[in-house]
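Take a look at the structure set out below.
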Amino acid sequence: MRVLFLFTGGTISMKLDDQGAAVPALSGEEVLSFVPGLPDICSAEVQDYGRYPGPHITPQHMWEISELLERELAYPDIDAAVVTHGTDTLEETAYFLDCRHFSEKPIVLVGAMRNSSELSFDGPANLRAAARVATDPASQGRGVLVVLNQLIHAAADVTKADTQALDTFQSPVFGALGIVDTDRILFARDPQLRDPLETDQCELAVDLIHAAAGTDSRLIDASINSGTRGIVIAGTGRGNVPPDMIPGIQRALDADLPVVIASRCPQGRVLDTYGYEGSGRDLRNRGVIFSGLLSPVKARLRLMLALGMTQDVAEVKSLMERVGY
């Protein structure tokens, strides 16, 4: 099988500089040279998209990467794609790509927690595992997958849970899809939250605002005044906000802007369980859109793509709430 290895950067392409800091340094070919037995797994086509640290990746980059992958996977001699990525924003790019991926061919995102200058550099093992998953027939039709530390995750579920641990990538609600074992790939379940959006553009002017005790409307108003096209609120608990945020949220709704409520909790759905001012029910009655199980960062990306399809708030609501709500 022939696999496209698309290198975008991240720790997997880094080594220590003269000051002892990890910086982008290695080409895709150099990284693949560390992977033992790769020719026995697949034939590799290597492309260097860039050497971006995770925090440098933007939704515009994600769009370009998704367009590149769609074009390359359309070729009959390319059977799958493996994309290296910085772990800080890997879950966001994975979900963005999954929202635009209609092919049966697998896309696997992979990264590393240790760079090539460190002992026990995990990049080669993760890349080998990613290649095995990408070429396994059972991966067909499962959308975009994330593979690190011998675990296989769905793009919609996975999150980076620890700043430096090798097992940082977790799927808190449903658990991993499967494992990469010594002799075979084992899938335990199918992705539950896959729902691609067919759009030829992406609205980049979408803001994410985090709610905390006593948060007021200033950031919401600043977002409105700066020309945002949509707002995601990372609310507390089931999807609630402090009452001082309500005036700003209402001003956004009155301006016909979609406002989405997600939860800052790592697990669980947003739901209109409570009925006080600023509660989920109060927000629902005002016209706020619920993100379901999507995390705030993933809800923001889905809203960007939904707004690329339509500016009608009712239609955006339908696109946002038709999965995981």
Side-chain angles (χ1 to χ4, degrees), residues 1-14 26-51 64-87 90 93-94 97-98 100-116 121-155 158 166 169 176-188 190-191 194:
M1 297 183 71
R2 187 163 183 80
V3 176
L4 169 67
F5 286 83
L6 183 65
F7 285 82
T8 73
T11 301
I12 202 169
S13 299
M14 292 185 183
L26 304 177
S27 69
E29 292 284 359
E30 289 173 312
V31 176
L32 284 188
S33 70
F34 294 122
V35 183
L38 186 63
D40 297 329
I41 300 172
C42 64
S43 172
E45 177 176 318
V46 180
Q47 289 191 30
D48 284 300
Y49 174 80
R51 298 181 188 177
E64 293 171 1
I65 292 168
S66 69
E67 291 283 284
L68 188 157
L69 290 170
E70 180 181 14
R71 182 173 65 251
E72 293 295 321
L73 289 175
Y75 292 116
D77 61 334
I78 299 294
D79 300 295
V82 171
V83 182
T84 69
H85 200 286
T87 58
L90 187 150
T93 296
L97 297 180
D98 196 48
R100 299 203 69 220
H101 185 48
F102 290 88
S103 170
E104 292 290 300
K105 296 180 179 181
I107 296 175
V108 180
L109 266 73
V110 63
M113 294 304 295
R114 295 173 179 165
N115 67 72
S116 63
F121 173 37
D122 56 324
N126 287 340
L127 266 170
R128 180 180 171 85
R132 289 182 58 201
V133 171
T135 56
D136 193 281
S139 299
Q140 294 279 325
R142 295 181 187 267
V144 175
L145 305 172
V146 173
V147 174
L148 284 94
N149 200 41
Q150 307 303 108
L151 292 176
I152 309 166
H153 300 275
V158 72
L166 292 181
F169 281 91
L177 295 181
I179 62 171
V180 182
D181 209 346
T182 303
D183 61 335
R184 59 179 295 196
I185 305 300
L186 291 168
F187 282 98
D190 294 326
R194 283 216 73 220

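Note that the coordinates shown come from a computational prediction; the quantities given were computed from them, not determined experimentally. Heads up: numbering here begins at 1 and tracks the sequence.
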Determine whether [X] and [Y] make a side-chain contact, defined as any pair of heavy atoms from C-beta on separated by less than 4.5 Å.
X	Y	value
Thr84	Val31	no
Phe5	Leu38	yes
Phe187	Leu145	yes
Asp48	Glu29	no
Leu127	Leu32	yes
Asp98	Arg194	yes
Gln150	Val180	yes
Leu26	Phe7	no

Please report the shortest heavy-atom distance between [X] and [Y], naming the atom on each side.
X	Y	answer
Leu90	His85	CA-ND1, 3.5 Å
Tyr75	Lys105	O-NZ, 2.9 Å
Leu69	Leu6	CD2-CD2, 4.1 Å
Ser139	Val133	OG-O, 2.6 Å
Pro191	Ala154	CB-CB, 4.2 Å
Ala129	Val147	CB-CG1, 3.9 Å

**Q.** For Asp79, side-chain contact (heavy atoms from CB on, under 4.5 Å) partners two or more places apart
**A.**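 Asp79: side-chain contact (heavy atoms from CB on, under 4.5 Å) contacts with Met1, Arg2.
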Interatomic spacing from [atom1] in [X] to [atom2] in [Y] - rounded to 0.5 Å:
X	Y	atom1	atom2	answer
Ile107	Arg100	CD1	CZ	10.5 Å
Asn126	Leu148	CG	CG	4.5 Å
Glu70	His101	CD	NE2	10.0 Å
Glu72	Glu45	CD	CD	5.5 Å
Leu186	Ile179	CG	CD1	5.0 Å
Thr11	Phe121	OG1	CZ	9.0 Å

(Q) Between Leu68 and Leu4, is the side chain to side chain contact (heavy atoms under 4.5 Å, CB included) condition met? List the steps. (A) CA-CA 11 Å; Leu68 188 157; Leu4 169 67; 4.3 Å; yes
Q | Member of Val82, Val46, Val108 meeting the side chain to side chain contact (heavy atoms under 4.5 Å, CB included) criterion with Val3 | A |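 The single option meeting the side chain to side chain contact (heavy atoms under 4.5 Å, CB included) with Val3 is Val82.
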Q: Report the C-alpha separation of Thr8 and Thr93 in whole Å, then their side-chain angles, then the decisive distance to 0.1 Å, and conclude whether the side chain to side chain contact (heavy atoms under 4.5 Å, CB included) test is met.
A: CA-CA 11 Å; Thr8 73; Thr93 296; over 6 Å; no
Q: Indicate yes or no for a side-chain donor-acceptor contact from Asp122 to the backbone of Arg114 under 3.5 Å, with no hydrogens or angles considered.
A: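 Flag set: sc Asp122 to bb Arg114 pair under 3.5 Å.
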Q: May I have all residue pairs that pass salt bridge (charged side-chain N to carboxylate O under 4.0 Å, His left out) and include part of residues 128-152, sequence neighbours excluded?
A: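 Passing the test, one end in residues 128-152: Arg142-Asp190.
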